[in-house]
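Numbers here are sequence positions counted from 1.
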Amino acid sequence: MKKILLFASGTGSNVENIIQYFKNYDDITVVSVFTNNPNAKVLDKAKKYNVPTLIFNKEELSGDFVLDKIHELKPDLIILAGFLWKFPEHIIAEYPNKIINIHPALLPKYGGKGMYGMKVHQTVLDNKEKETGITIHYVNEHYDEGKFIFQQKVNIEDCASADEIITKIHELEHKYFPEIIEKLLTSNL
């Protein structure tokens, strides 16, 4: 059985999509959802599917508490799905090439500290980009600089607002993120 551990900070639309995608698989399962936000809507989504959750603070993440919990679960893949804190180097060192993130833009553009969610989409719109997309990448010690696994583009010339861009990005995320996770876990990538 391949085990997925999800980290999220917000509403959890990608988390819910990943849980739904794998819920009927015999060989891949979501073992838990970890969050730094006790008010995150992702907690409700995990509860809806009976997926265990863990809430932690900065000190617990930077110390051994979260790492010990990860060790207990023995995940095959750790997925950052809207997790907004910088991932600690000591956890990355323990799980090389086992931690992935999805970014709502075509990296290396529009990445780095503070570039997430609406900030990314508004900047893309303000810069009058003709296309944007998603980047799925390995996590390293720098924001959004890990080796790329997958990118997908979408034309946004018809978008008049950041909200319209978000809709297109969510479609890409929901289609491709679970597929890439599955390929990583089944060694087809």
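Of the possible donor and acceptor atoms, one in the side chain of K45 sits under 3.5 Å from a partner among the backbone N and O of T11. Under a 3.5 Å cut-off, the side chain of T135 and the backbone N or O of L107 do form a donor-acceptor pair. Not one N or O on the side chain of Q151 forms a donor-acceptor pair closer than 3.5 Å with the backbone of I136. Between the H103 side chain and the G112 main chain, no donor and acceptor come within less than 3.5 Å of each other. Between the side chain of S32 and the backbone N or O of P52 there is at least one donor-acceptor pair closer than 3.5 Å. With hydrogens and angles ignored, the 3.5 Å screen pairs a side-chain donor or acceptor of K86 with a backbone N or O of E141. Between the side chain of S9 and the main chain of L84, a donor-acceptor pair closer than 3.5 Å is present. Here the side chain of N37 pairs no donor or acceptor atom with the backbone of G10 at under 3.5 angstrom.
In this structure, K47 and T53 have side chains that are not in contact, with every pair of non-hydrogen atoms separated by 4.5 Å or more. Residues K183 and F150 form no side-chain contact, since every pair of their non-hydrogen atoms from C-beta on lies 4.5 Å or further apart. Looking at L106 and Q152, their side chains never come closer than 4.5 Å, going by heavy atoms from C-beta outward. Put simply, the side chain of I181 reaches to within 4.5 Å of the side chain of I79, judged on heavy atoms. For the pair Y25 and E182, the minimum side-chain heavy-atom distance is below 4.5 Å. Looking only at side-chain heavy atoms (C-beta outward), T29 and I4 stay at 4.5 Å or farther from each other. You'll find the side chain of Q122 reaches within 4.5 Å of the side chain of D126, heavy atoms only.
When hydrophobic side chains of Ile, Leu, Val, Met, Phe, Trp and Tyr are connected at separations under 4.5 Å, L54 ends up clustered with L5, F7, V31, F34, F56, L61, F65, V66, L67, I70, L73, I78, L80, F83, W85, F87, I91, I92, Y95, I99, V139.
Residues satisfying the side chain to side chain contact (heavy atoms under 4.5 Å, CB included) criterion with N127, sequence neighbours excluded, are Y110, T123, E129.
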- Task: Determine, step by step, whether I19 and L6 satisfy the side-chain contact (heavy atoms from CB on, under 4.5 Å) criterion, reporting the C-alpha distance in whole Å, the side-chain angles of both residues, the deciding distance to 0.1 Å, and the verdict.
- Result: CA-CA 9 Å; I19 292 170; L6 295 164; 4.2 Å; yes

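Remark: the H137 side chain and the N101 side chain contain an N/O donor-acceptor pair separated by less than 3.5 Å.
K48 and E16 are joined by a salt bridge, as a carboxylate oxygen and a charged side-chain nitrogen come within less than 4.0 angstrom of each other.
Summarising the local packing, NZ of K3 is surrounded by more than 12 heavy atoms from other residues, nucleotides or ligands at distances under 6.0 Å.
The hydrophobic cluster containing Y21 also contains I149, counting ILVMFWY residues as joined when their side-chain heavy atoms lie under 4.5 angstrom apart, directly or transitively.
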Exercise answer: donor-acceptor pairs, residues 166-173 side-chain atoms, under 3.5 Å, sequence neighbours excluded:
unit_1	atom_1	unit_2	atom_2	d
T167	OG1	D163	O	3.2
K168	NZ	N155	O	2.8
K168	NZ	D158	OD1	2.8
K168	NZ	D158	OD2	3.4
E173	OE1	N14	ND2	3.1

